[in-house]
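Data first, discussion second: the structure below is written as structure tokens.
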Amino acid sequence: MEKTFILFLLLLVSNLKAQVWFDFGLNGSLSSGLYMGNSFFSDSRFNIVPKLNNAFALKIGVNTSNKHSAVIELGYGKRAYAIDQAFVPGQNDNSVFTQQINFSGFQGALLYRNTNEGSFIEVGPMFSMIQNQTYSDQVSNFYNNQTFLTSKVVRGVFGLGAYILGNERVTLVAGFRLLYDFSDLRAKDNIGETFPFQNYNESDLYKPLHALDFQLNLELNVSLGFLAKASCGKRSVVFEW
């Protein structure tokens, strides 16, 4: 986290002669993701079932030029993941059972955004606080009230996007992001460390759990650059009103 702030500080210092302006916006997203790990791709007993995730956030942009900006996002996200399980011990070998977990909580991101001719790339960390989690499993309801996930998650964000509609005051932005959990999603206890393979008595399966999400974003921005200088905050857009 400290290294990220230092990077943004250096960015600001290197552009001291530029006119700094702010923009504020609303960000909404839809995504789908999958667990990452060798067991999910090489073991035929498990099959990933895609689920729909969503999030929304307030966005603050600190712009040192039309090219460089720091983006702060504060919001709330909902995530869900599911797998099909086959050959579960004690169950019919001809049956497949679905297991799903849903969780949600507050999240914040600190991103560097580099804009060029109306398109941009962005990268940075996202921090999540998991507040609610629900679990369902067709094998058994024994674990339904258990807590499997940790309360704090660190993710990496890499995104691409473009300013598709607007003017120097208001812009509509569309983007695509990849989000990856750098930290282990599992709680640090005996129950958490077996997730999502607690129906199998195989310690080789109990490895750190991460997920990769593919996310589509829409962002509506209001730039305050025009209050300081007419040319500030005006970016290239695909369609201009």
- Task: For the residue pair D181 and Y35, confirm or rule out a side-chain donor-acceptor distance under 3.5 Å.
- Result: no

- Task: Test L209 against every option in Y81, F148, F197, F40 by the side chain to side chain contact (heavy atoms under 4.5 Å, CB included) rule and name the one that passes.
- Result: F40

- Message: Under 4.0 Å between a side-chain nitrogen and a carboxylate oxygen: does that hold for R45 and E202?
- Response: yes

- Task: Give a yes-or-no answer on whether the side chains of N144 and D137 include a donor-acceptor pair shorter than 3.5 Å.
- Result: no

- Task: Verify the cluster assignment for I83 and V139: are they in a single hydrophobic cluster under the rule of side-chain heavy atoms below 4.5 Å apart?
- Result: yes

- Message: I'd like to know if the side chain of S42 pairs up with that of N38 as donor and acceptor (distance under 3.5 Å, no hydrogens or angles considered).
- Response: yes

- Item | R79 side-chain N/O to D213 backbone N/O, donor-acceptor pair under 3.5 Å | no

- Task: Decide if atom CZ of F87 counts as having more than 12 heavy atoms of other residues, nucleotides or ligands within a radius under 6.0 Å.
- Result: no

- Would you call the rings of F22 and F24 parallel, tilted or perpendicular if under 30° counts as parallel and over 60° as perpendicular? parallel

- Message: Just checking N190: does its CG atom have more than 12 heavy atoms from other residues, nucleotides or ligands closer to it than 6.0 angstrom?
- Response: no

- Query: Does the side chain of N102 come under 3.5 Å of the side chain of K78 through a donor N or O and an acceptor N or O?
  - Reply: no

- Message: For the residue pair Q85 / N47, report whether a side-chain donor-acceptor contact shorter than 3.5 Å exists.
- Response: no

- Anything under 30° is parallel, anything over 60° is perpendicular, the rest tilted; go ahead and classify H210 against Y180. parallel

- Task: Treating Ile, Leu, Val, Met, Phe, Trp and Tyr as nodes and any side-chain heavy-atom pair under 4.5 angstrom as an edge, say whether L205 and M36 lie in one connected cluster.
- Result: yes

- Task: For the pair N221 (side chain) and S223 (backbone), establish whether a donor and an acceptor sit closer than 3.5 Å, ignoring hydrogens and angles.
- Result: no

- Item | Distance-only polar pair, side chains of N114 and Y112, donor-acceptor under 3.5 Å | yes

- Task: Taking atom types as modelled, find out whether D93 and Q91 have a side-chain donor-acceptor pair closer than 3.5 angstrom.
- Result: no

- Identify whether the distance between the nearest side-chain nitrogen and carboxylate oxygen of E219 and R113 falls below 4.0 Å. yes

- If you link ILVMFWY side chains whenever their heavy atoms are less than 4.5 Å apart, which other residues fall into the same cluster as Y76? By chain and number, please. F56, F106

- Is it true that Y163 and F120 have ring centroids separated by less than 6.0 Å? yes

- Message: Strictly distance-based, threshold 3.5 Å: is any side-chain N or O of T150 a donor or acceptor partner for the main-chain N or O of R186?
- Response: no

- Task: Indicate yes or no for a side-chain donor-acceptor contact from D189 to the backbone of G192 under 3.5 Å, with no hydrogens or angles considered.
- Result: yes

- Do the charged groups of R155 and E73 touch, with an N to O distance under 4.0 Å? no

- L58 and V173: same hydrophobic cluster, using ILVMFWY side-chain contacts below 4.5 Å? no

- Under 3.5 Å, is there a donor-acceptor pair linking the side chains of Q198 and Y135? yes

